[in-house]
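One structure is given here, and the rest of the page talks about it.
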Amino acid sequence: MEAELKTGRTDPALALDVKRAQAATMLERLLSTVLTNAGVSASALFVVGVSREFGLPAIAWFLAVIASLILRVAMASILKRWETIDHSPQAALDAMTVGALLSGIAWACLPLSLPGFEAIGRDGALYLMMLGIATGAVLMGVGYSPISLAFALPPHASVILSFAFSGSPGSWLLALNVVALAIILIRSSRMSQAIFVGNVLGKLQATALADSLSSANGDILRANYRLKVLASCDPLTGLANRAAFNAALSTCIAEARQQEEQLALLILDLDRFKSINDTLGHSAGDTLLIEVSERLRSAVDGKGTIARLGGDEFAVIVGGPDAAGRSRRLAEALLERGRQPVMLDKQPTVVGTSIGIAVFPDHADTAEDLFVSADMALYRAKDGGRRQWREFEPAFRSQADRQHQIEQELADALAEGGVEAWFQPQIDLCSGKITGFEALVRWHHPYLGPISPPEIVAAAQAANLADRLTATVAEAACRLLNRLPGLGLPQATVSINVSPREFGLYSVTDVLDCITEAHLIDPSLFEIEITEEAILDTLVAGEQLKRIERSGYKLAVDDFGAGHSSLAYLISLKVDRLKLDRRFVAGIHRSRQNQEIVGALVGLGRALSMDVVVEGVESEEEAAVLRTLGCGVAQGYFFGRPMPAERLPGWIESRRALAQRRDVA
Ligand code: C2E
Ligand code: MG
Ligand code: MG
């Protein structure tokens with residue numbers, strides 16, 4: 001196959017295309033070939049008529065040639081109509097070859113059809129015409145040599161034979177010349193075909209290359225577009241990503257500056273997202289994020305730019321007149337929508353949202369500062385109990401600076417003993433005996449002064465030091481527990497506080513087991529106080545609370561009554577003690593309502609076999625009322641303030657002395 005020869009590889013499609021090109025070229029030239037042929041055959045008839053007469057044989061020959069030509073034209077039109085070249089070009093070429101052969105044979109019959117034909121003499125002109133037209137056919141049929149040769153060779157053969165058998169002197173020489181001419185014709189016909197095929201192949205390959213280059217170019221353009229989209233879009237929610245958001249925020253601020261308009265930025269953070277992801281799986285987390293993004297879209301309603309900044313953090317840019325007012329209304333609407341449950345793992349789950357708002361130019365002048373300001377407001381919203389929005393206030397910045405300094409210096413303070421535990425005693429309200437102590441963290445900063453425990457705890461969590469903080473307090477608690485038998489209090493307990501968010505940060509039991517084992521502490525004397533918030537967040541805390549129980553530590557629910565603990569969950573957790581929130585105790589001797597609440601809670605504790613501890617007892621009167629209400633253990637400034645461990649022996653001693661004096665009296 002020509003295509004194989006030329007390309008050096010088997011490429012049937014390419015070979016077929018070459019055949020098509022050959023057939024199309026031959027068909028295209030057929031009409032001019034046929035017309036020339038008809039013209040020359042008419043001339044030949046005329047020459048015959050002049051040199052002899054228009055006899056029947058000559059007319060018969062002419063009609064035969066014309067008939068072959070008509071046949072070829074008819075065949076050509078059928079080939080065209082049937083589109084044979086497209087679907088089977090070889091068949092078309094074969095048909096045209098047969099047609100050419102018929103014409104060639106007709107021409108070859110010319111000498112034979114004339115009686116008394118003189119090879120050299122009066123009929124020489126006819127030979128010249130026969131050879132001329134045969135040679136012309138070869139020159140015209142460069143695309144496909146079989147067609148041109150099928151036409152050219154019969155007249156040549158006829159001429160050669162006529163010369164060979166004419167017996168005239170020199171005719172042999174002429175026959176040999178025509179043989180040489182035929183050989184040259186065959187060779188040049190093949191060479192022209194090879195050149196033609198080479199050209200067609202080159203053209204086809206160039207076209208294929210151009211096509212593949214243009215499709216590759218299309219692929220590159222499409223991939224480029226996808227990359228652009230990916231670079232600016234969050235694939236899960238379809239919202240803008242952080243990079244696109246940063247660019248949009250800068251552009252919006254530049255526009256707002258030019259138009260002298262406000263621009264508000266809202267940053268949203270989902271509550272408990274990590275725990276949902278950890279416990280219900282990532283697909284539930286994804287469902288939640290998609291649902292939140294849909295809610296955002298419908299609330300913003302095309303009047304702001306929405307982005308997912310990463311994890312469970314979203315942002316909205318609100319521009320135009322009264323951007324601040326509209327952003328507040330939007331925050332309200334978003335919190336309202338957030339109260340509707342989302343179906344996660346076939347469970348309706350309510351996931352709260354905290355929102356921080358900052359406004360350009362009131363709160364910040366640049367995109368970066370605006371973001372930081374909104375983030376500070378978000379922090380306040382979360383710190384203030386979540387499920388709320390807060391707008392930036394200038395005071396946040398100095399508070400944030402302070403927070404930042406605390407975070408920076410906490411690690412050193414923990415390492416160098418600047419952070420320590422103080423202990424507040426707990427008293428049996430009936431006997432007046434010391435039943436235990438609560439460890440409370442203290443840090444007196446060299447410049448900032450005393451840092452409040454919530455600030456220390458928040459800084460520890462932000463600086464990834466929460467486990468070290470708990471370890472520091474637990475170490476101090478264990479050291480005290482080991483000293484208490486020597487101070488005459490072998491049964492006294494020591495409690496530490498663990499904040500709910502810590503359960504999501506590290507394994508509380510792993511840290512505590514390590515320390516209590518090193519100090520050989522009986523875990524039943526070691527109590528862990530958790531707030532109701534931790535109980536509510538059952539997803540993450542559940543497993544950790546069970547491990548606390550398995551390790552044998554006592555479990556207390558701190559600030560009980562301030563939140564909304566599930567009673568069923570309280571029972572399943574095997575809580576040992578309920579520590580009633582201070583607000584029920586303050587002024588209880590003057591408040592009938594508080595007396596009733598505390599009485600009910602004491603009854604609840606009793607029903608659940610849980611001891612009740614009252615916190616914040618500041619006066620004799622409060623203690624007396626609490627005693628009559630059946631409270632077992634109390635803690636408060638009235639009995640003793642939190643104090644460093646070194647001061648405890650003196651305090652215990654003075655308390656004993658006081659009890660003895662009372663007994664004597
Ligand atoms: P809490 O666990 O409810 O601790 C009791 C708080 O009430 C302590 O505040 C204590 O000093 C205060 N208090 C005790 N008696 C009275 C009283 O008669 N009147 C008044 N007004 N207050 C009284 P503190 O030490 O400021 O601790 C605040 C909170 O910080 C604690 O509340 C606890 O939730 C948390 N906290 C303290 N230390 C730690 C700790 O080491 N780790 C963690 N995660 N949280 C801690
Ligand atoms: Mg506590
Ligand atoms: Mg408390």
Side-chain angles (χ1 to χ4, degrees), residues 383 385 410 413-414 418-427 429 436-444 449-463 465-478 480 493-506 508 511-512 515 526-535 541 544 548 554-563 565 575-589 601 612-623 626 631 633-645:
D383 210 43
L410 183 60
L414 282 167
V419 174
E420 52 181 348
W422 282 23
F423 297 93
Q424 186 174 30
Q426 294 169 337
I427 308 293
L429 273 174
F437 300 87
E438 176 177 8
L440 294 158
V441 69
R442 293 291 181 265
W443 180 17
H444 193 96
I451 314 287
S452 77
E455 267 186 302
I456 302 170
V457 171
Q461 285 167 9
L465 295 166
D467 52 344
R468 282 184 56 193
L469 176 65
T470 299
T472 303
V473 178
E475 284 266 3
C478 289
L480 176 62
T493 58
V494 176
S495 59
I496 66 158
N497 293 276
V498 175
S499 61
R501 274 182 236 167
E502 292 179 55
F503 289 117
L505 301 176
Y506 63 96
V508 175
V511 171
L512 296 184
I515 294 167
F526 194 99
E527 187 173 63
I528 296 159
E529 295 186 13
I530 54 164
T531 54
E532 282 180 276
E533 209 188 322
I535 292 188
Q544 292 235 26
I548 286 175
K554 285 259 176 329
L555 188 63
V557 176
D558 207 354
D559 305 338
F560 187 69
S565 308
V575 173
D576 298 282
R577 300 212 285 188
L578 296 178
K579 293 189 77 177
L580 301 198
D581 196 66
R582 207 167 54 224
R583 79 174 94 146
F584 304 123
V585 175
I588 192 168
H589 52 289
L601 291 175
V612 172
V613 181
V614 277
E615 289 189 289
V617 183
E618 293 189 353
S619 68
E620 169 77 74
E621 293 89 335
E622 287 169 355
L626 290 164
C631 296
V633 176
Q635 178 181 340
Y637 294 168
F638 172 64
F639 303 105
R641 286 182 178 255
M643 60 192 99

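Order of listing sets the numbers, starting from 1, for every ligand and every atom in it.
Residue-ligand proximity: Ile496 is placed with every non-hydrogen atom at 4.0 Å or more from ligand 1. Look at Glu438 and you'll find a heavy atom under 4.0 Å from some atom of ligand 1.
Counting heavy atoms under 4.0 Å from ligand 1, residue Gln461 does not touch it at all. Residue contacts with ligand 1 for Val441 involve both N, CA, C or O and side-chain atoms from C-beta outward (heavy atoms, distance under 4.0 Å). Proximity of Val617 to ligand 1, defined as any heavy-atom pair under 4.0 Å, is confined to the backbone N, CA, C and O atoms. Under 4.0 Å from ligand 1, not a single heavy atom of Gln635 appears. Using a 4.0 Å cut-off between heavy atoms, Leu440 contacts ligand 1 through both its backbone and its side chain. Within the 4.0 Å heavy-atom criterion, neither part of Arg641 lies near ligand 1. With a 4.0 Å heavy-atom cut-off, ligand 1 is reached by the backbone of Asn497 and by its side chain too.
The option with the heavy atom closest to atom 13 (N) of ligand 1, from among Glu615, Glu622, Arg582, is Arg582. Considering Ser452, Pro450, Pro453, Gly640 only, the shortest heavy-atom separation from atom 35 (C) of ligand 1 involves Pro453.
Ligand 1 places these atoms under 4.0 Å from at least one heavy atom of Arg442: 11 (O), 25 (O). Near Gly636, with a cut-off below 4.0 Å to any heavy atom, the atoms of ligand 1 are 15 (N), 18 (O). Annotation for ligand 1: atoms under 4.0 Å from non-hydrogen atoms of Glu502 are 44 (N). Of all the atoms in ligand 1, the ones that sit under 4.0 Å from a non-hydrogen atom of Glu529 are 2 (O). Interface atoms of ligand 1 facing Pro642, defined by a heavy-atom separation under 4.0 Å, are 11 (O).
Between the side chain of Glu622 and the main chain of Glu618, a donor-acceptor pair closer than 3.5 Å is present. Formation of a donor-acceptor pair under 3.5 Å by the Gln544 side chain with backbone atoms of Val508 is found in this model. The backbone N or O of Ser499 sits less than 3.5 Å from a side-chain atom of Glu502, completing a donor-acceptor pair. A donor-acceptor pair under 3.5 Å is formed between the side chain of Gln424 and the backbone N or O of Gly640. Under a 3.5 Å cut-off, the side chain of Asp576 and the backbone N or O of Leu555 do form a donor-acceptor pair.
In terms of the ring pair (Phe, Tyr, Trp, His ring centres under 6.0 Å) criterion, Phe437 has no residue partners (sequence neighbours excluded). Applying the ring pair (Phe, Tyr, Trp, His ring centres under 6.0 Å) criterion to Trp443, with sequence neighbours excluded, gives His445. Residues satisfying the side-chain hydrogen bond (donor to acceptor under 3.5 Å, both in side chains) criterion with Thr493, sequence neighbours excluded, are absent altogether.
Not a single protein heavy atom sits closer than 4.0 Å to atom 32 (O) of ligand 1. Put simply, atom 9 (O) of ligand 1 has no protein non-hydrogen atoms near it, under 4.0 Å away.
Considering only non-hydrogen protein atoms, atom 19 (N) of ligand 1 sits nearest to Glu618 OE2, 2.5 Å. Scanning all protein heavy atoms for the shortest distance to atom 2 (O) of ligand 1 gives Asp558 OD2, 2.7 Å. With respect to atom 18 (O) of ligand 1, the closest heavy atom belonging to the protein is Tyr637 N, 2.9 Å. Counting only heavy atoms of the protein, atom 3 (O) of ligand 1 lies nearest to Asp559 OD1, 3.1 Å. What sits closest to atom 15 (N) of ligand 1 on the protein, heavy atoms only, is Gln424 NE2, 2.9 Å.
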Given Gln635 and Gln426, is the side-chain hydrogen bond (donor to acceptor under 3.5 Å, both in side chains) satisfied, shown in steps? CA-CA 5 Å; Gln635 178 181 340; Gln426 294 169 337; 3.0 Å; yes

Could you walk me through whether Trp422 and Glu420 pass the side-chain hydrogen bond (donor to acceptor under 3.5 Å, both in side chains) check? CA-CA 7 Å; Trp422 282 23; Glu420 52 181 348; 3.3 Å; yes

Just do the side-chain hydrogen bond (donor to acceptor under 3.5 Å, both in side chains) check on Ser619 and Tyr637 with the steps written out, would you? CA-CA 8 Å; Ser619 68; Tyr637 294 168; over 6 Å; no

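For the side-chain contact (heavy atoms from CB on, under 4.5 Å) test with Phe560, the passing option among Val612, Val575, Leu578 is Leu578; the others fail.
Looking at Lys579 and Glu615, a side-chain N of the basic residue comes within less than 4.0 Å of a carboxylate O on the acidic one, giving a salt bridge.
In the model, Ser495 has a side-chain atom that pairs as donor or acceptor with a side-chain atom of Glu529 under 3.5 Å.
To the nearest 0.5 Å, atoms CZ (Phe526) and CD1 (Ile548) are separated by 10.0 Å. With rounding to the nearest 0.5 angstrom, the CD1 atom of Ile530 is 11.5 Å from the CG atom of Asp559. Atoms CD and NZ, from Glu527 and Lys554 in turn, are 8.0 Å apart once rounded to the nearest 0.5 Å.
Around the Mg ion (ligand 2), the protein N, O or S atoms closer than 2.8 Å are Glu438 OE2, Asn497 OD1, Glu529 OE1, Asp558 OD2, listed by chain and residue number.
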